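Step one of this worksheet: look at the structure below.
All of these numbers come straight from a predicted model, not from anything done at the bench.
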Amino acid sequence: MADPQIVAGRRRHVFDSFYSIITLVFILIACVELCDASTVVDVYRLIQYDISGAPFGSRAASINHHAGSSFSPPGSDLSRTVAVLTLRELNETFVREYIEQGKPLGGLLLLLPQVFRSDNSQTVIDDGDYKDMKKKLADLEQKLIHSTIQYPVYFAFEDEDLANVLADIQRNDAAGQPATATTGGYKLIVTSPAPKKLASPTITNIQGWLPGLKADGDSNQLPTIAIVASYDTFGAAPALSVGSDSNGSGVVALLEIARLFSILYSNPNTRGRYNILFGLTSGGPYNYNGTQKWLKSFDQRLRESIDYAICLNSLSSGENGLWLHVSKPPENAYVKQIFEGLSNVAEELGLKVGLKHKKINVSNSRVAWEHEQFSRLRVTAATLSGLSVAPNLLEHTGGISDKREFVNEDAVVRGVKLVAESLARHIYGHEGKNVNIFADNSSLAVNPSYIGSWLDLLSKTPRVAPFLSKDSAFIMALKKELADHVVEVNLQHDVIDGMFTFYDSTVNTLQIYQVASVTFDLLLLLVLGSYLITLFSILVITTRGLDDLISLFRRPPSRKMKST
């Protein structure tokens, strides 16, 4: 007769094997759902920030919901659904309900055309089509950045894989079979910790000089003309906001003007009797906060030596002409001088320059143009821009829609010629004369290749100030380029005005899983369970006999304690 301990050991061994197999089956079934990723894609989160403690942008980052589409039945509860939409599909009803009114949504994944990629170079689209898409995206950005959105919002770019996924989602939704835990479908997952505040975000101003030539025995300080451009951006997605026009075009124009005048000033015989101050400022979207801090760092003598400053902004937008925005009345002597000088050169170039006067309110800290920070300190200044109307706060600041493909490079070249020629005529006393100092095909000609190459670089570099470190490669490249043309180039680091607070988690990875329904999982589990039980029974019968199999399921006799 078999030893009872041996039999018990065999039973435990069989049971252990049985439970191990069952556990393995459950793991395999779980892996079928979690490991069969349909696609993995980089996604860019809607900016999250506060103004004076008031929250704006997306307040969440993690996603773990099934996907839905624009074909979801009207009135559906999408509080646990990620809406996947292309820019073309986005309609006013969705924007009004889920963005402006804050209707609950599990998340939003907005697919953008490839033309809006920073590294895009081959997408060709119809001119009318691009204008419609650009305007639609620009309008959407304004709504997104000025709303408080409790669910995560991400941007991605259309590609073949996402197109196939979206087609499946739309087909199921159109058939009345939206993705749920019971029906299956696609599940979208973004694993991200809760966004954290950026501690002491910095802004960096870059300054350089071209010193003028003093006359023998002249001890007075030379007058100064300042050329200024704000280089940073702001948009719905910090990682996509490259600002090719606003204000990449202004930065490029400043660099080319510095290059041209460095040639003139390198020779004492052609060096003007004006200092030229170049400033690449940060914090432009935030009330030109960097410009304000830069100006306050000037000593009294420097500030008083500035005849006037010209701020360059969105020159590519001026295809049919540019606007000179001023705070002082048009009758002011310096304003008249600047405007007449630009107008005379513009007429020769076949351009139009309009004048816009907007008086500043000293009691209101809000400024619409960069020159207004100069005006607040009683320094004559003007902004030359392709925009005819003063933008609102965080408007026209280099968002997602402001890309290289939409920049009119010829307009930037003409803008450089306009500013450089009018400035040179003023410095050398040639106002009103038909003198072409920067003539085409001369050694002083504006270089379109130089402008184009810098536009390319700026159009590939997101420049949202809080996410751009003070020693970033881009800032160092700007400093080096300016130093190649001017002298005494230095950086000024400061902290952004405390009224603005920003949060991290701007780029994440989205995993899209095609999952089966719960019904399918249960059926699969039942089939596998039946198969394994049958297999287990056969193995026991063949190895131990039918009696051993029956004994496994027989209730063991209870043991009665002997009373003492």
Side-chain angles (χ1 to χ4, degrees), residues 204-230 253-255 257-281 288 290-312 324 326-329 332-342 360 370-384 419-432 437 479 482-494:
T204 302
N205 298 316
I206 308 172
Q207 172 186 299
W209 282 91
L210 276 178
L213 182 67
K214 284 188 176 182
D216 292 339
D218 186 1
S219 59
N220 295 325
Q221 184 169 350
L222 291 176
T224 300
I225 296 174
I227 307 297
V228 187
S230 178
L254 182 146
L255 293 175
I257 292 169
R259 187 189 70 83
L260 292 172
F261 277 91
S262 70
I263 300 174
L264 285 171
Y265 273 52
S266 64
N267 186 340
N269 295 324
T270 56
R271 184 182 300 172
R273 299 193 183 277
Y274 279 83
N275 298 321
I276 306 179
L277 171 63
F278 295 93
L280 289 166
T281 59
Y288 293 100
T291 309
Q292 179 190 41
K293 295 178 183 296
W294 179 53
L295 292 175
K296 287 184 176 180
S297 71
F298 291 0
D299 60 40
Q300 188 67 20
R301 290 188 64 205
L302 171 57
R303 193 178 303 165
E304 291 178 351
S305 76
I306 299 176
D307 270 10
Y308 60 83
I310 297 180
C311 304
L312 308 176
L324 188 70
V326 296
S327 300
K328 292 188 176 183
N332 178 274
Y334 280 116
V335 171
K336 287 181 66 176
Q337 183 182 67
I338 299 170
F339 180 62
E340 289 176 1
L342 289 170
I360 63 171
E370 187 166 18
H371 76 267
E372 294 180 14
Q373 291 290 13
F374 286 83
S375 299
R376 295 176 70 87
L377 296 176
R378 302 185 183 281
V379 177
T380 301
T383 294
L384 185 68
V419 176
E421 195 68 47
S422 63
L423 183 60
R425 291 183 187 184
H426 172 65
I427 290 175
Y428 297 105
H430 295 317
E431 291 100 336
I437 298 174
K479 179 185 177 183
L482 194 60
D484 287 344
H485 309 309
V486 304
V487 299
E488 298 180 36
V489 175
N490 58 71
L491 304 180
Q492 178 197 45
H493 305 298
D494 217 316

**Complete:** Nearest heavy-atom contact between N490 and E488 is ND2-O, 3.3 Å
**Request:** Would you check, one step at a time, whether the test side chain to side chain contact (heavy atoms under 4.5 Å, CB included) holds for I427 with L264?
**Result:** CA-CA 11 Å; I427 290 175; L264 285 171; over 6 Å; no
**Prompt:** Would Y274 and H426 count as a close aromatic pair, with their ring centres under 6.0 Å?
**Reply:** yes
**Message:** Whether the T291 and E370 side chains hold a donor-acceptor pair (N or O, under 3.5 Å, no angle test) is what I'd like checked.
**Reply:** yes
**Asked** Can you tell me how far CG of L280 sits from NZ of K479, rounded to the nearest 0.5 angstrom?
**Response** 13.0 Å
**Request:** For L482 and G208, work out which heavy atoms get closest and say how close.
**Result:** CD2-N, 4.1 Å
**Message:** Let me confirm one number: the OG1-CG distance from T224 to D307, rounded to the nearest 0.5 Å.
**Reply:** 7.5 Å
**Message:** Within this structure, what is the OG-CD1 distance for the pair S266 and I263, rounded to the nearest 0.5 Å?
**Reply:** 7.0 Å
**Message:** Measuring only between side-chain heavy atoms, which start at C-beta, is L255 closer than 4.5 Å to R259?
**Reply:** no
**Prompt:** Short question: side chain of R273, backbone of L222 - any donor-acceptor pair under 3.5 Å?
**Reply:** no
**Asked** Side-chain contact, heavy-atom cut-off 4.5 Å: Y334 with K328?
**Response** no
**Side-chain heavy atoms of E431 within contact of Q337, under 4.5 Å** = yes
**Asked** Do the side chain of R425 and the main chain of H430 share a donor and acceptor less than 3.5 angstrom apart?
**Response** no
**Item:** Heavy-atom donor-acceptor pair, T380 side chain to Y308 backbone, under 3.5 Å
**Value:** no
**Asked** Which pair of non-hydrogen atoms, one from G341 and one from S422, has the smallest distance, and what is that distance?
**Response** O-CB, 3.6 Å
**Prompt:** For the side chain of N205 and the backbone of T281, is there at least one donor-acceptor N/O pair under 3.5 Å apart?
**Reply:** no
**Asked** Is it true that R376 and E372 make a salt bridge, defined as a side-chain N closer than 4.0 Å to a carboxylate O?
**Response** no
**Non-hydrogen side-chain atoms of F339 and V326 separated by less than 4.5 Å** = no
**Request:** To the nearest 0.5 angstrom, please state how far the CD atom of Q292 sits from the OG atom of S297.
**Result:** 11.5 Å
**Asked** If every non-hydrogen atom of I257 is compared with every non-hydrogen atom of A420, which pair is closest and at what distance?
**Response** CG1-CB, 4.4 Å
**Message:** Looking at Y265 and H485, would you say the former's side chain and the latter's main chain have a donor-acceptor pair under 3.5 Å?
**Reply:** no
**Asked** So do V486 and W209 actually touch side chain to side chain, heavy atoms under 4.5 Å?
**Response** no
**Request:** Among I310, V335, L342, T383, find the residue that satisfies the side-chain contact (heavy atoms from CB on, under 4.5 Å) test when tested with L324.
**Result:** L342
**Message:** To the closest 0.5 Å, what do you measure between CD1 (I206) and CG (L254)?
**Reply:** 10.0 Å
**Asked** Mind checking whether C311 and Y288 have side chains closer than 4.5 Å, heavy atoms only?
**Response** no
**Request:** Might you point out which heavy atoms bring N275 and G212 nearest each other, and give the distance in Å?
**Result:** OD1-N, 2.7 Å
**Asked** Quick one: CD on E304 to CG on D299, what's the gap to the nearest 0.5 Å?
**Response** 9.0 Å
**Fill in**
Heavy atoms of Y428 and G272 approach each other most closely as OH-N, 3.7 Å
**Item:** Min side-chain heavy-atom separation F261-I227 under 4.5 Å
**Value:** no
**Message:** Side chains of L377 and F298, heavy atoms from C-beta outward: is any pair under 4.5 Å?
**Reply:** no
